[in-house]
2 protein chains.
Amino acid sequence: MPLGTDYARQDCSLARALEIVGERWTMLILRDCFLGVRRFTDFQAHLDISRAVLSARLEALVADGLLTRTGSGHPSYELTETGIALWPAMFALLQWGDRLTTPGAPRRLYRHVGCGDLGPDGRCEACGRHPAPRDVEARPGPGADPTLRDDAVSVALRQPHRLLEPLALR
Amino acid sequence: MPLGTDYARQDCSLARALEIVGERWTMLILRDCFLGVRRFTDFQAHLDISRAVLSARLEALVADGLLTRTGSGHPSYELTETGIALWPAMFALLQWGDRLTTPGAPRRLYRHVGCGDLGPDGRCEACGRHPAPRDVEARPGPGADPTLRDDAVSVALRQPHRLLEPLALR
DNA sequence: CTGTATCCTTAAAGATACTG
DNA sequence: CAGTATCTTTAAGGATACAG
């Protein structure tokens with residue numbers, strides 16, 4: 001939260017959640033984690049964020065237990081179970097944004113691997129379950145705009161890819 | 001989003017959603033709307049927010065189509081269908097915050113009216129459905145902290161109350 | 001009651017340069 | 001590659017006073 005003040009005097013779980021993930025850039029960093037981004041430079045190029053801010057956010061996310069940082073030479077950031085548990089919230093928000101801003105043309109499509117596509121409520125249209133992100137594959141949808149960015153991550157995201165698996169960059 | 005810059009160069013529905021609901025206080029204002037707060041002064045007292053900021057946020061939410069403002073003398077702010085559609089995302093985030101910060105002791109409990117309690121995934125434990133917020137009743141849970149605030153809204157929230165219905169204030 | 005208008009402080013974020 | 005260290009800009013937010 002900007003400006004020092006937080007939501008400490010709100011007796012509310014939403015306020016608690018937002019104190020952790022409500023800061024600018026934080027949710028987008030976590031989104032990238034779900035999409036398979038793991039390296040500092042890849043986050044930075046894809047988000048177009050300053051290194052200082054990225055560094056601070058990653059550090060906070062590790063301290064709050066949503067990310068692990070492994071490998072001192074070339075660190076890799078990965079979601080913990082706590083971070084992965086954010087998936088339903090992230091998916092719901094993402095779907096809301098999609099339907100609000102580009103009705104009928106989702107920017108990205110999600111599929112229960114080996115089963116069916118996910119509906120707006122996150123349920124697999126074939127089996128009716130809510131698959132865990134590990135069992136979900138993402139791919140560009142009709143609303144995607146490939147002209148917006150062309151960093152390595154954005155290019156890699158144009159191929160179908162399984163969530164939480166490291167992206168195939170080059 | 002603070003500091004002028006937005007997420008415009010992110011081809012991502014989550015970024016679009018956060019441009020609307022990602023600003024400081026905005027989600028908490030919407031939470032209050034779900035809980036039945038409708039008046040400027042009630043928002044202000046419950047959130048402990050400056051009037052200028054509250055005014056700006058309400059205006060933006062009306063402009064973005066999440067709230068309606070009715071009654072010029074004593075305006076009443078109410079969620080539109082677009083705003084109500086945010087419920088699954090808000091509930092998921094709220095549950096995540098609850099389980100992360102006070103495991104085993106939710107601050108607030110939600111019940112499918114005339115049916116069963118809601119589980120962490122928003123499904124009614126009795127009928128298995130995801131009830132719409134109009135059919136949900138909220139009440140304080142074991143993790144609630146009644147010492148934190150004692151404005152009129154906080155006091156009213158100590159009684160069971162149906163979502164989206166105006167709170168019984170006095 | 002529901003705001004608007006100013007003023008002021010603070011800090012968040014970008015730019016840039018530097019380091020192991 | 002993965003940061004840290006400064007520096008500067010800007011604007012967000014609180015406080016206060018005023019208005020319809």
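By convention in this document, chain letters (A, B, ...) are assigned in the order of the sequence lines, proteins followed by strands, and residues within each chain are numbered from 1. Scope of the values below: all heavy atoms of this structure, side chains included, with no hydrogens, waters or symmetry mates.
- Looking at B:Y77 and B:R38, their side chains never bring a donor and an acceptor atom within 3.5 Å of each other.
- A:R107 is listed as a side-chain neighbour of A:D98, based on a closest heavy-atom distance under 4.5 Å.
- In this structure, A:I29 places its CD1 atom 12 Å from P of D:dG3, rounding to the nearest Å.
- Side-chain contact between A:Q10 and A:E19 is absent, with no heavy-atom pair separated by less than 4.5 Å.
- Going from atom CG of A:L54 over to atom P of C:dT16 covers 18 Å, rounded to whole Å.
- Contact of the A:Y110 side chain with the A:Q95 side chain is registered, since non-hydrogen atoms from C-beta on lie closer than 4.5 Å.
- When the salt bridge (Lys or Arg N to Asp or Glu O under 4.0 Å) test is applied to B:R123, the partners found at least two apart in sequence or on another chain are B:D121.
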Quick test: give all pairs of protein nitrogen or oxygen and nucleotides 1-7 of chain C nitrogen or oxygen below 3.5 Å, distance rounded to 0.1 Å.
from	atom 1	to	atom 2	distance (Å)
C:dT2	OP2	B:T41	N	3.2
C:dT2	OP2	B:T41	OG1	2.5
C:dG3	OP1	B:R69	NH1	2.3
C:dG3	OP2	B:Y77	OH	2.7
C:dG3	N7	B:R51	NE	3.1
C:dG3	O6	B:R51	NH2	3.2
C:dT4	OP2	B:S55	OG	2.6

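- Whole-Å rounding puts the A:R9 CZ to D:dG14 P distance at 14 Å.
- Atom CD in A:Q44 sits about 10 Å away from atom C1' in D:dA2, given to the nearest Å.
- Results of the side chain to side chain contact (heavy atoms under 4.5 Å, CB included) test with A:Q44 over A:L54, A:V153, A:D151 single out A:L54 as the only residue that passes.
- Here the P atom of nucleotide C:dA12 and the CZ atom of B:R24 are 10 Å apart, to the nearest Å.
- B:R57 has its CZ atom 8 Å from the C1' atom of D:dA12, to the nearest Å.
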Trace of the salt bridge (Lys or Arg N to Asp or Glu O under 4.0 Å) decision for A:R134 with A:E81: CA-CA 12 Å; A:R134 287 186 200 290; A:E81 286 306 311; 3.7 Å; yes
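- Spacing between atom CG of B:L47 and atom P of D:dG14 amounts to 11 Å, rounded to whole angstrom units.
- Within the 4.5 Å cutoff, no side-chain heavy atoms of B:F34 are placed close to those of B:L94.
- Taken over five-pair windows at either terminus, the axes of the helix from C:dC1-D:dG20 to C:dG20-D:dC1 are inclined to one another by 50° (rounded to 10 degrees).
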